[in-house]
Amino acid sequence: MEIIRLRLDIAYDGTDFSGWATQPGLRTVQGEIEAALATLLRTAEGELRLTVGGRTDAGVHARGQVAHLDVTPEQFAKWGASQRRGTTAPAGAGAAGAAAGDPDRAAAPQYPDKEAARLMTRRLNGVLQRGASDIAIHAVAPAPAGFDARFSALRRRYEYRLRPENARRDPLTARFTADVPRVLDLATMQRVSEDLLGLQDFTTFCKAREGATAVRELLAFAWRETEDGAYAARIEADAFCHSMVRALVGSVVAVGHGRLTRGELVDLRDARERTSRFTVMPAHGLSLEEIGYPEDAELAARAEQTRARRDPLDD
């Protein structure tokens, strides 16, 4: 069956969600968007499934989430139909446009203008506003050939916000800023964050899924003081395993208030064992800010590379 792959750019306040992934009986971001799509396109529940670039935990926010969705040409045309002009968005079907390695994937449709894309985004947001106003769809557009929201990604960037004991508490930012009841040395935190950069086995900071490793390349870990007096960490890597960002921040905070020394944290990193020497930070301070992808011609190759199991690092 011929399909068209769409890219969705998404933001949400994670406070009232039990994470991204659909779970029976729980309110999730994926569940709300898929329910809105079923209403919009009048499909059976569960027929349309999203694949996400960065699966977030309960309470974690996102400004730069990315997902993909496969639809039929008929669903695509219906979604982008212009009632005002009585026309539809082009379906763009045909074998010549099939995605690399998938003969059922239709070519990415080419809009004559941006009207259909805006219309699709507006319609999905309209349904979400009725019961999930804490989700915003920034864009809906046909994906390039070979695009996979999860496996084509080159990097993910998060921000973690926290407020130290000596900073003035701001109720207006409390939903996305963690309180730390300690005085923190920001300069020390920056120095020790740099010790964690590079290709490392991050087993100390996360639990890898079964059959995988915790080897990741940490590309950036930098701190700044915000205008409202909070401390914000920018953390970027090719990928993260479960709770890795919050554990990394927790370890650096432990050095920032003197519970650990810089050398002790490096030793813990190199031990590659889970530890109770630092605390995993609360979820609500974390936000997924951006997912980066390669040029269109490199998307399929990147997805194939990412699917390959990463080898453990030598001791």
I'd like to check the side-chain contact (heavy atoms from CB on, under 4.5 Å) partners of Ala220; sequence neighbours left out, ordered by chain and number. Arg234, Glu236
Before you tell me yes or no, could you show the steps for Ile4 and Asp70 under side chain to side chain contact (heavy atoms under 4.5 Å, CB included), namely the whole-Å CA-CA distance, both residues' side-chain angles and the distance that decides it to 0.1 Å? CA-CA 6 Å; Ile4 295 169; Asp70 292 336; over 6 Å; no
Which value, rounded to the nearest 0.5 Å, describes the distance between Ser193 atom OG and Leu218 atom CG? 9.0 Å
What closest approach, in Å, do Leu40 and Trp79 show between heavy atoms, and which atom pair accounts for it? CD2-NE1, 3.2 Å
To the nearest 0.5 Å, what is the distance between CZ on Arg42 and CG on Leu37? 14.5 Å
Does Val127 belong to the same Ile/Leu/Val/Met/Phe/Trp/Tyr cluster as Leu48, with side-chain heavy atoms less than 4.5 Å apart forming each link? yes
Quick one: do Ile3 and Phe76 satisfy side chain to side chain contact (heavy atoms under 4.5 Å, CB included)? Show the steps, please. CA-CA 9 Å; Ile3 59 171; Phe76 178 81; over 6 Å; no
Side chains of Met281 and Leu162, heavy atoms from C-beta outward: is any pair under 4.5 Å? yes
List the steps and the verdict of salt bridge (charged side-chain N to carboxylate O under 4.0 Å, His left out) for Arg168 and Asp170. CA-CA 6 Å; Arg168 184 176 181 179; Asp170 180 6; over 6 Å; no
What pairs meet the ring pair (Phe, Tyr, Trp, His ring centres under 6.0 Å) rule with one or both residues in residues 279-304, with sequence neighbours excluded? Phe147-Tyr293
Of the non-hydrogen atoms in Leu128 and Ala36, which two are nearest, and what is the gap between them? CD2-CB, 3.7 Å
With a 4.5 Å heavy-atom cut-off, do Ile137 and Asp9 have their side chains touching? no
Under 4.5 Å between side-chain heavy atoms, hopping through other hydrophobics if needed: is there a path connecting Leu196 to Leu219? no
Over all atoms of both residues, closest heavy-atom pair of Ser243 and Asp57: OG-OD2, 4.0 Å
If you compare all heavy atoms of Ala303 against all heavy atoms of Ser152, which two are closest, and at what distance to 0.1 Å? CB-OG, 3.7 Å
Quick one, Thr43 with Gln75, criterion side chain to side chain contact (heavy atoms under 4.5 Å, CB included). Give me CA distance, side-chain angles, the key distance, then yes/no. CA-CA 9 Å; Thr43 61; Gln75 289 169 335; 3.4 Å; yes
Linked, directly or transitively: Leu197 and Leu265 (ILVMFWY side chains, under 4.5 Å): yes
What's the shortest heavy-atom distance between Trp223 and Gln190, and which atoms? N-OE1, 2.7 Å
With heavy-atom distances below 4.5 Å as the criterion, would you say the side chains of Leu268 and Leu260 are in contact? yes
Do the side chains of Pro294 and Leu299 get nearer than 4.5 Å, heavy atoms only? yes
Counterpart residues, side-chain contact (heavy atoms from CB on, under 4.5 Å), relative to Ala44 (two or more places apart): Glu47
Under 3.5 Å, is there a donor-acceptor pair between the side chain of Thr28 and the main chain of Ser18? no
Flag the pair Asp179 and Arg169 as a salt bridge only when some basic side-chain nitrogen lies within less than 4.0 angstrom of an acidic carboxylate oxygen. yes
Start with the C-alpha gap between Tyr12 and Val29, add the side-chain angles, then the distance that decides, and say whether side chain to side chain contact (heavy atoms under 4.5 Å, CB included) holds. CA-CA 8 Å; Tyr12 47 87; Val29 182; 3.7 Å; yes
Can you measure from CZ (Arg123) to CE (Met120) and round to the nearest 0.5 angstrom? 9.0 Å
Hey, is the main chain of Gln129 close enough, under 3.5 Å, to the side chain of Ser133 for a donor-acceptor pair? no
The ring pair (Phe, Tyr, Trp, His ring centres under 6.0 Å) partners of Tyr160 (sequence neighbours excluded) come to none
Give me each pair satisfying salt bridge (Lys or Arg N to Asp or Glu O under 4.0 Å) with a member in residues 285-294, each pair once, sequence neighbours excluded. Arg63-Glu289, Arg155-Glu290, Arg157-Glu290
Do Val192 and Leu186 sit in the same hydrophobic cluster, where Ile, Leu, Val, Met, Phe, Trp and Tyr count as joined when their side-chain heavy atoms come under 4.5 Å apart? yes
Check for me, please, whether Leu41 and Ile135 land in the same ILVMFWY cluster - side-chain distances under 4.5 Å, paths through other members count. yes
Interatomic distance, Leu154 atom CG to Gln305 atom CD [nearest 0.5 angstrom]: 8.5 Å
Between Arg216 (side chain) and Gln200 (backbone), is there a donor-acceptor pair under 3.5 Å? no
Glu304 atom CD, over 12 foreign heavy atoms within 6.0 Å: no
Per the ring pair (Phe, Tyr, Trp, His ring centres under 6.0 Å) rule, what does the pair list look like for residues 18-75, sequence neighbours excluded? none
Report yes if the side chains of Asp134 and Arg27 come closer than 4.5 Å at any heavy-atom pair, otherwise no. yes
Output every pair passing salt bridge (Lys or Arg N to Asp or Glu O under 4.0 Å) with a member in residues 180-202, not counting sequence neighbours, ordered by first then second residue. Asp195-Arg262
Residues at least two apart in sequence or cross-chain that pass side-chain contact (heavy atoms from CB on, under 4.5 Å) with Arg161, listed by chain then number, are Glu159, Arg163, Thr173, Phe176, Thr177, Thr226, Asp228, Ala230, Ala232
Where Leu288 and Gln65 come nearest, the two heavy atoms and their spacing: CD2-OE1, 3.5 Å
Hey, could you give me each pair passing ring pair (Phe, Tyr, Trp, His ring centres under 6.0 Å) that has a residue in residues 34-53? Not counting sequence neighbours. none
Does the side chain of Arg269 reach to within under 4.5 Å of the side chain of Phe205, using non-hydrogen atoms? yes
With side chains defined as the heavy atoms from C-beta onward, is the minimum distance between Phe202 and Val215 less than 4.5 Å? no
CG-CG distance between Leu6 and Leu69, expressed to the nearest 0.5 angstrom: 5.5 Å
Stepwise salt bridge (charged side-chain N to carboxylate O under 4.0 Å, His left out) check, Arg175 with Asp13: CA-CA 9 Å; Arg175 286 169 69 93; Asp13 176 345; 3.0 Å; yes
Just how far is it from atom CZ of Phe240 to atom CZ of Arg246, taken to the nearest 0.5 Å? 13.0 Å
Would you call Asp270 and Arg272 a salt bridge, using N to O less than 4.0 angstrom? no
Checking Glu34 now: which residues fulfil side-chain contact (heavy atoms from CB on, under 4.5 Å) with it, not counting sequence neighbours? Thr22, Gln30, Arg49, Leu50
Do the charged groups of Asp148 and Arg307 touch, with an N to O distance under 4.0 Å? yes
Distance-only check: which donor-acceptor pairs under 3.5 Å involve side-chain atoms of residues 250-259, not counting sequence neighbours?
| from | atom 1 | to | atom 2 | distance (Å) |
| --- | --- | --- | --- | --- |
| Ser251 | OG | Leu248 | O | 2.7 |
| Arg259 | NE | Arg277 | O | 3.2 |
| Arg259 | NH2 | Ser276 | O | 3.3 |

For Phe17, the ring pair (Phe, Tyr, Trp, His ring centres under 6.0 Å) test, sequence neighbours excluded, returns none
